[in-house]
Visitor: 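Take a look at this one; I'll ask things after.
Just so you know, these numbers come straight off a predicted model, no measurement behind them. Ligands are counted one by one from 1 in listed order, and the atoms in each one are counted from 1 as well.
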Amino acid sequence: FTFVPLKRSPTTPTRLFSDYVPAPSPTGPGTLTLLGAGPGDPTLLTLKALQLLTDPATLVVSDRLVSRPILDLVKGNLLIANKNPGCADLAQNEIYNWCMASLSLGKNVVRLKIGDPFIFGRGGEEVLYFRERGIEPVVVPGISASLAAPLLGGIPLTHRGVSNQIVICTGYGREGTSPDLIKYHPEQTVVFLMAIGRLRSLSERLIKMAGYPRETEVGIVEKAGCEDQRTLRGNLNNIADLAEAHEIIPPSTIVVGGVCAVLESGMLEKKDGLKLLDGEIVDLAESKSKEILSGEVDRLRKELEEKESALRGMQ
Ligand SMILES: O=C(O)CCc1c2[nH]c(c1CC(=O)O)Cc1[nH]c(c(CC(=O)O)c1CCC(=O)O)Cc1[nH]c(c(CC(=O)O)c1CCC(=O)O)Cc1[nH]c(c(CCC(=O)O)c1CC(=O)O)C2
Ligand SMILES: C[S@@+](CC[C@H](N)C(=O)[O-])C[C@H]1O[C@@H](n2cnc3c(N)ncnc32)[C@H](O)[C@@H]1O
């Protein structure tokens, strides 16, 4: 890892992510970066991510869920793993083989992962795999869908007097198992990733085994940060039926708890045209802001290119 020290000491120079510039090595293996892509909107990428993705000399090995507008930024070669549910281990081996082959040729590789690499993304496993083979990956954080999707769907994960703690869970454990649920706590928000496929049984288990009241609010944000984002609101009693009726599909983030109702009216409706209605589905506002935002990506890219060519001129 590259750890970023919290304080600069006068004697030890701080190594920031921004200091990390991958350079092809003719003598040894290339560098490997595990890179978080955020939830899907390219304007939510870090500047570090933009810099790495637009390096034409870099091979990008991406997971399937990374959005098209982000993949479109890649200037070098791009490989996308066919990691569908049920054949993930096979695809994971393929990813390792692609990365190792390029690294051993001295090529720099970016392993692009949805959201944040260390939140339900096998990021830790990948670090251990490459470390065992003599390559120490640099890990660059991304905005996790577990935090961004609720926000983009108009759900604050904490809210004074409503929720003072957040639990992030997966709907599926290893080999399809259902992870243990935490007992109901009225001031807790629970965020479920990878759980749409078993929403009905999850809702029933929350009520019957974890003591959740049937009326507990639930929000689902599908494809957050993508052009076709949708938000669905309901409660534990009706959410599975509503999701079925509206054909909600992965990738979606499920939020359970009182916070789902906090911004139900008012602010967002007026500001962004985003309307949250009980049991109704809403599309992300048809917004001019989308065009403005994608213009912003082009502007940033240009700025980066200019800086790079100015730097090259100075060398
Ligand atoms: O229903 C849903 O909402 C989630 C469906 C979904 C799953 N994986 C998925 C998604 C998102 C998607 O495909 O869009 C998609 C998924 N699962 C996972 C990843 C990240 C990765 O593999 O790099 C991804 C994204 C892959 C990609 O973007 O290409 C990771 C994953 N799946 C799983 C686990 C848990 C584990 O292995 O211990 C973990 C590891 C989490 C961690 O790092 O802690 C387990 C899982 N996820 C899932 C299943 C059900 C498989 C089936 O249905 O046959 C299963 C069970 C299994 O594979 O043995 C479902
Ligand atoms: C394997 S997990 C990876 C999580 C990722 N590492 C992160 O930090 O966001 C995949 C799950 O993340 C959630 N997810 C990813 N992208 C999403 C998006 N654009 N909108 C809503 N949920 C998303 C879904 O719950 C999906 O099943």
Visitor: Look at the rings of F130 and Y96 and say which category their plane angle falls in: under 30° parallel, 30 to 60° tilted, over 60° perpendicular.
Guide: perpendicular
Visitor: Determine, considering heavy atoms only, which of M194, R122, R230, K113 sits nearest to atom 10 (C) of ligand 2.
Guide: M194
Visitor: Checking the N or O distance criterion of under 3.5 Å, is ligand 2 in contact with L193?
Guide: no
Visitor: Return yes if some donor-acceptor pair links the side-chain N/O of D41 with the main-chain N/O of C226 below 3.5 Å, else return no.
Guide: no
Visitor: Give the single entry among V191, V221, L152, T253 that approaches atom 13 (C) of ligand 2 most closely by any heavy atom.
Guide: T253
Visitor: Counting only heavy atoms, which portion of T170 has something under 4.0 Å from ligand 2: side chain, backbone, both, or neither?
Guide: neither
Visitor: Is there at least one pair of N or O atoms, one from S144 and one from ligand 2, spaced under 3.5 Å apart?
Guide: yes
Visitor: Using a strict 4.0 Å threshold on nitrogen-to-oxygen distance, state whether D89 and R174 make a salt bridge.
Guide: no
Visitor: Answer whether the closest heavy-atom distance between the side chains of I254 and V218 falls below 4.5 Å.
Guide: yes
Visitor: Compute whether any side-chain donor of one residue and acceptor of the other, for N108 and T58, lie under 3.5 angstrom apart.
Guide: no
Visitor: Does the N or O separation between I119 and ligand 2 drop below 3.5 Å for any pair?
Guide: yes
Visitor: Would I143 count as a polar contact of ligand 2, with the cut-off being nitrogen or oxygen pairs under 3.5 Å?
Guide: no
Visitor: Can you find a heavy atom in the side chain of E126 that is under 4.5 Å from one in the side chain of P137?
Guide: no
Visitor: Are side-chain heavy atoms of I239 and L232 found at a separation under 4.5 Å?
Guide: yes
Visitor: Test of understanding: given a 4.0 Å heavy-atom threshold, classify the contact between P250 and ligand 2 as side chain, backbone, both, or neither.
Guide: neither
Visitor: Can you tell me if S252 contacts ligand 2 (heavy atom of the residue under 4.0 Å from the ligand)?
Guide: yes
Visitor: I'd like to check T253 versus S146 (side-chain heavy atoms, cut-off strictly below 4.5 Å). Are they in contact?
Guide: no
Visitor: When only distance counts, is G40 in polar contact with ligand 2, meaning an N/O pair under 3.5 Å?
Guide: no
Visitor: Closer than 4.0 Å to some heavy atom of P39 - which atoms of ligand 2 meet that?
Guide: 18 (C), 19 (N)
Visitor: Look only at interatomic distance and state if I114 has a nitrogen or oxygen under 3.5 Å from any nitrogen or oxygen of ligand 2.
Guide: yes
Visitor: Has K223 got any heavy atom lying under 4.0 angstrom from an atom of ligand 2?
Guide: yes
Visitor: In terms of atom number and element, which parts of ligand 2 are under 4.0 angstrom from non-hydrogen atoms of A145?
Guide: 7 (C), 8 (O), 9 (O), 13 (C), 14 (N), 15 (C), 16 (N), 17 (C), 23 (C)
Visitor: Counting heavy atoms only, which of Y172, F192, F120, F118 comes nearest to atom 3 (C) of ligand 2?
Guide: F120
Visitor: Working to the nearest 0.5 angstrom, can you tell me the gap between R200 CZ and R205 CZ?
Guide: 15.5 Å
Visitor: If you count the non-hydrogen atoms of other residues, nucleotides and ligands that lie under 6.0 Å from CG in N97, is the total more than 12?
Guide: yes
